[in-house]
Amino acid sequence: MDNKKKLGTLLNHSDYKPLEGFEAFPTPIHHASTVLFKNVAAMRTSTWQDKSAYTYGLHGTPTTFTLEARVAEIENGKHCILAPSGLAAITIVNFGLLRTGDDMLIPDNVYGPNRDMGNWIARDFGITVRFYDPMIGAGIGDLIQANTKLVWAETPGSLTMEVPDILAICKAAHEKGAIVVLDNTWGAGIYFNSFEHGADISLQALTKYQSGGSDVLMGALITNNDDLYYRLSTAHGRLGMGVGPDDVYLVLRGMQSLKTRMEAHDVAARKIAAWLKARPEISKVLHPAFSDCPGHDVWKRDFTGASGLFSVLFDPRYTEAQTDRFVDSLRYFKIGYSWGGSHSLCVPYRIKTMHQFWKGEGELVRFHIGLEDTQDLIADLEQALTKL
Ligand SMILES: *Cc1c(COP(=O)(O)O)cnc(C)c1O
């Protein structure tokens, strides 16, 4: 046999091995669909679900395993599953845990696409879905039926920012045998401890603060329950929810500065919220650290900090056209969805058409306070308020 490799072979099989002993802080970015096995026996016996082996890119690489381990550690959880977006993580929960004939409860103020998926599941998949008042607390027990499999919760709620009593909701749900999934994105897994408050599964949109760059979509599910982990990871594989290693790298990189960034977002957001609260144009500041916000006392009891996202209600004398003009007049606050990055954002929402239990008055505008100079942001708000 000719030992000299012909070109096509040479291009694909090299004898070169890089020098060993390289060490650096960044996690290596492993790109792989195919993962190589040492021999057939290893291929036949390797299982992916307990993470004891690498089997296929979809099921994990050293890069994804590293981020999963870090996210789990931060939330004091045992298992973590990554998904291509926060919404994909919601999908894994719903399709992994629900069956035809089941019932699911979702808070009225939940992240909008979660609500939309609930309506879709109710319409097309033979599952009943009911929306509950987020401030229901232990009263959730009265809504739980024999077939109620899942109770979604979110703290605080998207847009209207009510802080629910997660302890009471989890206790009542567990007494009736339902699983509680908590969307813990606002606190980024560092300001609220999902498992100490009884959640079975914690969900993070890593898209937001963990990434911090407004440049990547990713979600995570964290749990301490081996059986739930098994069911969720099975659904993750079946649904093909693999994540790309470059995106994972961006989140790993962002997370190194998560604490420092969160502290800065928190200080700036509270300063700006306090400034807005003193303005005659604003009737309510819906920031969990402010007494205007429903559930403020629960926030004080349960949270160790706040993030940079909050909403305000304008005095009802202002019309939508006027508050739209305010938003359009802002210079540093950009108009766009998502949040958690270093740039400030501002979005008006037609909240009355979105929530069933909402009783507030006036136009709702949501702010994400970025890492710009706080005085510049306040000056920007001040000039835009004159355009009302
Ligand atoms: C953004 C967000 C999600 C979804 O995350 P994506 O990565 O954008 O899909 C889920 N829940 C909450 C509370 C969010 O703010």
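In listed order, ligands and their atoms are each counted from 1.
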Handout entry: Connected via hydrophobic side-chain network under 4.5 Å: Leu286 and Phe326
Key =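 Per the 4.5 Å side-chain linkage, Leu286 and Phe326 are not co-clustered.
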Report the nearest protein non-hydrogen atom to [atom]: residue, atom name, distance rounded to 0.1 Å.
atom	answer
atom 13 (C) of ligand 1	Asp183 OD2, 3.3 Å
atom 9 (O) of ligand 1	Leu87 N, 2.9 Å
atom 6 (P) of ligand 1	Gly86 N, 3.3 Å

If we only count N/O pairs under 3.5 Å, is [X] in contact with ligand 1?
X	value
Ala205	no
Ser338	no
Thr207	yes
Lys208	yes

Problem - Option from Trp186, Tyr209, Tyr337 for which ring-ring contact (aromatic ring centres under 6.0 Å, His included) with His368 holds - result: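 So the option named by the test is Tyr209.
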Would you mind running through ligand 1 and noting each atom that sits below 4.0 Å from a heavy atom of [X]?
X	answer
Glu154	13 (C)
Leu217	7 (O), 8 (O)
Trp339	15 (O)

Practice task
Mind telling me whether Phe192 and Phe303 have parallel, tilted or perpendicular rings, with 30° and 60° as the class edges?
Solution key: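 Tilted: the ring planes of Phe303 and Phe192 meet at 30° to 60°.
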Exercise for the section: Tell me, please, whether Phe131 has Arg115 positioned over its six-membered ring: NZ or CZ under 6.0 Å from the ring centre and within 45 degrees of its axis? Expected result: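 Yes, a cation-pi geometry.
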Practice task
Answer yes or no for Lys208 and Tyr111: cation-pi contact, defined as NZ/CZ to six-membered ring centre under 6.0 Å and angle to ring axis within 45°.
Solution key: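 Yes; both conditions hold, so Lys208 lies above the ring face of Tyr111.
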Handout entry: Partner set under side chain to side chain contact (heavy atoms under 4.5 Å, CB included) for Gln145, not counting sequence neighbours
Key =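 By the side chain to side chain contact (heavy atoms under 4.5 Å, CB included) rule, Gln145 matches Asp103, Arg130, Asn147, Thr148.
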Please tabulate, for side-chain N and O atoms in residues 213-223, each donor-acceptor pair with protein atoms closer than 3.5 Å (sequence neighbours left out).
unit_1 : atom_1 : unit_2 : atom_2 : d
Thr223 : OG1    : Asp200 : O      : 2.8
Thr223 : OG1    : Asn225 : N      : 3.1

Handout entry: salt bridge (charged side-chain N to carboxylate O under 4.0 Å, His left out) between Asp226 and Lys78, worked out
Key = CA-CA 8 Å; Asp226 294 342; Lys78 185 169 168 194; 2.7 Å; yes
Exercise for the section: Check whether any heavy atom of Trp186 sits under 4.0 Å from an atom of ligand 1. Expected result: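 In this structure, Trp186 fails to qualify as a contact of ligand 1 - no heavy atom is under 4.0 Å.
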